[in-house]
Structure formats: structure tokens, C-alpha cells
Amino acid sequence: MSREATDKSLKRKLYIIIFESDTPLGKLFDVCLLVMIVVSIVLIIIESMQGLPSAWKRVFTGFEYVFTLFFTLEYILRIYCSPKPKEYIFSFFGIVDFLSTIPLYLGWLTTSARYLMVLRVFRLIRVFRVFKLFSFLSEGDLLLRSLRLSARKVLVFFLFVVIMVVSIGTLMYMVEGDVPGSQFKDIPSSIYWAVVTMTTVGYGDIAPVTAVGRFLSVIVMLLGYTIMAVPTGIVSAQFIKEGAKQKKPRHKCPECGAPIEEDAHYCPFCGKKQE
């Protein structure tokens, strides 16, 4: 066997193991990969905790090096055995795989960059492929499409909210700005208060002291409950609309009366040929 044929055979075997999950080795590789991703994320979260013994941190750092070496080798092998390396590199998973390998290397330049390893959590999306949860992926695609189609409406609504919080913040500054002890010292602080109040977060770090200011606060709070529901309604309506488009029209089988798809040639229940 020639060297080229051997190389092609090796690429094919690696491709089946790394990219496919239908074979025992492929599924084992994916499950081990998911376990390592989860463990690496848990370790980086624990390592960020204050008061952790230095001995533990050294152990966690050692594991990080092992995981990063594995993920780097995996990324290189994916490029090597991929039929279209460039397409994989610039795909969603390709970018996520790359981003999950570089944080530790960036950590040699700046320590905080190491915590970007939590980006590995996006690699857990492969669990849908490993365990054949394609219906969930279909629902996810429906949701993303609904969000994309609703983007313009939501953007217009967002612009309206921006105009409203700027106006309310300015009005509150006019009411409270000159009052002794007031925290509404400038318009930006007042706009910040308007955003916090309208989104019903309510930190309480800035609060009106006059009767007019408190009355205006009540109006903003009530507006917040109604305003926050609008984007959800826009996306939900689009989601229902897109879901209805995906459903194929059905009719009843003339033989058994069971509901079947309109383009079906045979009834899946009684086997009657459809005309």
C-alpha cells in the first residue's frame, strides 16, 4: 500500500472516530470528550474561589495543562482528518474548538485570560449529536430562526425604550436634581435609575425623595411590567408562526380514518394506498 493510500486510510479512520458518533469508538471518544469538558469547566470555576489552598491550585493547574494539551491535539487532528479543513476551521464548532484551546496559552501573557476556558461549555452542544437528540436541535433552529425574523421588530421596540428611558431620566433630573440630599446629580445617573426601575431590577442605590419623584417612580415601575412583556410576545408570535409552517397538512385516511400527511402514498396505520 502506498504512503498516500495509507495516509488517506488513517484520515478516514480518524474522521469516523472524531466526527462520527455512530460507531462504538466514535461514541466513546465523544463521551470522554464531554466528560473532560465538564471536568475542566468545574475545575476552573473552583480555582477562582478565594481561600483555596495553594496545593489544590497547583493540582488544578496541572489538570488544566493536561486538558489543554488534549484539546489542542484534538483540534489539530480535526483539521488533519477533515475533508474540508478550511470549512471546519471557520464553522461554529471549529471556532468554539479553537477558542477552547487558546485561553491557557493567553494566560502566559495575562493571568485573567485563563478563565476564558469556560467557553468550553459551548462544546457541550455536541451532546445532542452524541445521544441522538436531533429533535432538540430542530427546536433550537426554530427558535433561532424566530429570533432572527423578529429582530427588526424588537430593534424598533428597543429604540422606543431607549427614547423613553432618556426622557424619563431627564424628567426625573429636572424634578430631583436641585433637591438637597438627592442622588439624581446628573442626567446619566438619572437615566441609569430609569433603566434599573423600568426593568424591575430595583437596586435601590438611587431613590427619589420628593412626592413628585416618587409618583413618577410608580409610573415607571408600572410601565416596566408592560414593556418587558412586549419582546417576549413578538418572539413567541413568530415562533408559533414558524412552527405552523413546519407542520405538514394532514387529512384522514378514507379506509381507517387515521390522520396522515397529505403527500403520503400509503396509510401508515392500515396500509391503504392513497389516491
Side-chain angles (χ1 to χ4, degrees), residues 41 44-45 48 90-93 95-96 99 103 110 112-113 115-125 128 135-247:
I41 293 170
I44 197 65
I45 292 173
S48 68
F90 293 102
S91 66
F92 171 77
F93 279 116
I95 294 172
V96 170
L99 292 177
T110 170
S112 58
Y115 296 106
L116 288 173
M117 279 188 275
V118 294
L119 290 173
R120 290 173 184 168
V121 72
F122 287 101
R123 304 193 71 191
L124 294 177
I125 297 174
F128 294 106
S135 59
F136 289 92
L137 287 177
S138 176
E139 293 297 327
D141 179 66
L142 176 60
L143 177 59
L144 288 175
R145 190 165 62 253
S146 300
L147 288 170
R148 187 173 62 252
L149 293 173
S150 305
R152 290 186 179 181
K153 296 177 183 177
V154 174
L155 184 61
V156 171
F157 174 76
F158 177 75
L159 180 61
F160 169 75
V161 172
V162 169
I163 294 171
M164 183 173 287
V165 294
V166 170
S167 303
I168 292 173
T170 304
L171 181 59
M172 182 60 80
Y173 174 71
M174 293 168 61
V175 173
E176 295 273 334
D178 296 329
V179 177
S182 174
Q183 296 170 310
F184 295 85
K185 300 176 181 179
D186 48 52
I187 292 178
S189 297
S190 301
I191 292 173
Y192 162 77
W193 167 85
V195 172
V196 171
T197 306
M198 187 170 289
T199 55
T200 69
V201 175
Y203 289 127
D205 52 342
I206 301 178
V209 294
T210 65
V212 177
R214 288 174 179 173
F215 176 76
L216 182 59
S217 296
V218 171
I219 300 299
V220 175
M221 292 173 196
L222 295 175
L223 278 175
Y225 280 107
T226 56
I227 286 175
M228 297 310 296
V230 174
T232 305
I234 292 173
V235 176
S236 298
Q238 189 65 48
F239 186 83
I240 294 171
K241 184 178 179 180
E242 290 298 310
K245 286 181 181 178
Q246 286 190 350
K247 292 181 180 179

- Note: Val161 and Met198 closest approach over all heavy atoms is CG1-SD, 4.2 Å
- Message: Can you tell me how far apart CG (Leu159) and CD1 (Ile163) are? Round to the nearest 0.5 Å.
- Response: 4.5 Å
- Message: If I compare all heavy atoms of Gly213 with all of Val175, which pair ends up nearest, and what's the gap?
- Response: N-CG1, 3.8 Å
- Item | Side-chain touch Ile227/Met164, heavy atoms, less than 4.5 angstrom | yes
- Task: Keeping to residues at least two apart or across chains, list the ring pair (Phe, Tyr, Trp, His ring centres under 6.0 Å) pairs with something in residues 175-195.
- Result: Phe184-Trp193
- Message: Does any part of the side chain of Met221, heavy atoms only, come nearer than 4.5 Å to the side chain of Thr197, both counted from C-beta?
- Response: yes
- Mind checking side chain to side chain contact (heavy atoms under 4.5 Å, CB included) for Ile187 and listing every partner two or more places apart, or none if nothing turns up? Thr170, Tyr173, Ile191
- Query: Who passes side chain to side chain contact (heavy atoms under 4.5 Å, CB included) against Leu222, sequence neighbours left out?
  - Reply: Val218
- Query: Once you round to the nearest 0.5 Å, how far does CD of Gln183 lie from OG of Ser190?
  - Reply: 10.5 Å
- Note on the structure: Interatomic distance, OG1@Thr210 vs CD@Glu176, rounded to 0.5 Å, equals 3.5 Å
- Message: Looking at every heavy atom in both Met172 and Leu216, which two are closest together, and how far apart are they?
- Response: CE-CD2, 3.6 Å
- Message: Looking at Asp205, I'd like to know if its CG atom is crowded, meaning that more than 12 non-hydrogen atoms belonging to other residues, nucleotides or ligands lie closer than 6.0 Å.
- Response: yes
- Item | Reported OH-to-OG1 distance for the pair Tyr225 and Thr199, which is rounded to 0.5 angstrom | 11.0 Å
